[in-house]
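A short write-up of the structure that comes next.
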Amino acid sequence: MDERDITRAALQATGIIKKGAQAKFAVIAVIVFVIGLLVMGLMFPGGRAGAANCQDTGPGTGDSSTSGNDTNQTSGSIRQRQIGYTKTIDSVAEKLGLPGRATLIALMVAMQESGVDNLTYGDRDSVGLFQQRPSADWGTKAQILTPAFAAESFFVGRGTNGGLVDMKGWETKPMGEVAADIQKPDERYRHLYAGHETAMRKLAKDAGVNLERNGRATGNTGRSTASPSSGAPVTSANTGCGTGNSAKGKGGGGGKFSDGKQTWTLNNPRSVTEAIQWAKDHAGSGSTEEWYQRCLAYTAIVYGWNASGVNYAIDHYSVVPKNMQHDGDRHPPPGALMYWDTGHRAGHIAVYLGDNKVASNDILRKGYIDIVDAELFETKWGAKYIGWTPPSFPHGS
């Protein structure tokens with residue numbers, strides 16, 4: 001039992017006070033117990049901060065000033081730090097295309113785990129806003145103590161850990177239940193997350209965060225499964241698809257596409273030749289750092305669309321007509337779209353350029369486009385090849 005568990009027990013113990021003759025003894029018992037807590041505090045200097053089981057109380061909800069020297073710690077009173085971290089959490093959620101509901105769930109979890117403070121200590125090796133553990137594949141201690149990194153991990157997962165968007169029904173299930181499903185606390189404490197909703201709504205308001213904001217996408221917006229320097233996959237979705245350069249090709253786009261057996265008529269703004277050239281021109285040294293977790297967005301923009309109209313790369317394969325799907329075929333024509341199952345919701349998609357080369361984001365450098373061998377996703381990420389389709393965007397806009 002750590003300090004957080006003792007605090008919970010003390011606060012819950014106040015509920016046993018009854019009217020009548022027992023009241024006096026109960027009050028004395030509680031006073032003695034609280035004094036005991038002060039003594040125990042000396043015995044557990046490394047315990048985690050936690051909040052009580054009533055929604056508006058507990059460590060982190062007051063305005064008392066503390067100094068603190070945590071890594072990436074904002075300055076000022078605890079309330080000022082909470083507001084700063086709230087803004088960071090929401091900015092990450094907004095960048096990922098998640099609604100205000102996601103921010104609120106994250107705040108409820110952070111309140112319970114750390115008091116919405118960037119703690120450098122916790123149970124075992126837990127640290128940070130969400131008390132994530134380096135030994136449990138959440139990243140290095142320094143990374144977890146970077147609030148934006150920790151928030152992204154909470155939302156979309158990290159390493160072998162699932163995130164908020166991996167939880168089925170998170171958009172509609174009770175938020176406290178979702179929070180508990182993510183954190184997996186002892187069954188005795190599952191109910192505590194829900195108790196922070198009111199206080200976290202007030203905190204969000206104080207921070208100027210709009211919890212009624214709608215997201216760009218629902219479900220998994222693309223998981224970052226590793227740190228940028230590792231070789232694990234970064235799966236991608238259609239996030240931010242409308243922000244790229246989608247200037248139409250001079251040749252009017254469209255045209256025919258054939259694999260030697262079948263021929264399809266395309267209606268893309270850019271022709272295949274123009275698209276391949278655009279992909280080459282904007283890869284390697286010509287790439288900007290805007291493509292992190294945006295593989296589906298990238299392929300749509302290559303062909304001149306503003307948006308693919310589909311949330312997940314792996315889903316786009318099933319959106320195109322059945323007669324365009326080439327399961328397992330490793331001999332696509334240049335300009336085709338190739339797909340991989342990365343073991344996570346979003347999957348991956350890349351543009352085939354010919355000569356066994358594809359243009360893809362994130363495979364060599366986080367956020368950049370590079371031209372690589374098509375098999376690299378399997379050898380580096382351990383992904384499973386699905387097949388290819390012509391560059392068809394039935395829902396493109």
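Basis for what follows: all heavy atoms, side chains included, without hydrogens, waters or symmetry-related copies. These numbers come from a predicted model, not from an experiment.
Note: W340 and F377 have tilted aromatic rings, judged against thresholds of 30 and 60 degrees for the angle between ring planes.
Note: W388 and H331 fail the aromatic proximity criterion, with ring centroids not under 6.0 Å apart. Taking the six-membered ring for Trp and the full ring otherwise, the centers of Y339 and H348 sit at least 6.0 Å from each other. Taking the ring centroids of H282 and Y298, they lie at or beyond the 6.0 Å cut-off.
Using modelled atom types, no side-chain atom of N361 and backbone atom of K366 make a donor-acceptor pair closer than 3.5 Å. Side-chain N or O atoms of R158 include none that pairs as donor or acceptor with a backbone N or O of F154 at under 3.5 Å. A donor-acceptor pair under 3.5 Å is formed between the side chain of Y385 and the backbone N or O of D329.
Using a cut-off of 4.0 Å between Lys/Arg side-chain N and Asp/Glu carboxylate O, K357 and D373 are scored as salt-bridged. A salt bridge is absent between R294 and D362; no separation between the charged side-chain nitrogens and carboxylate oxygens falls under 4.0 Å. For the pair D123 and R133, the salt-bridge criterion is not met [side-chain N within less than 4.0 Å of a carboxylate O].
Within a 6.0 Å sphere centred on NZ of K384, other residues, nucleotides and ligands contribute 12 heavy atoms or fewer. When the shell of 6.0 Å around CG of D281 is examined, it contains more than 12 heavy atoms from other residues, nucleotides or ligands.
When all heavy atoms are compared, the tightest approach of G162 to W138 is O-CH2, 3.8 Å.
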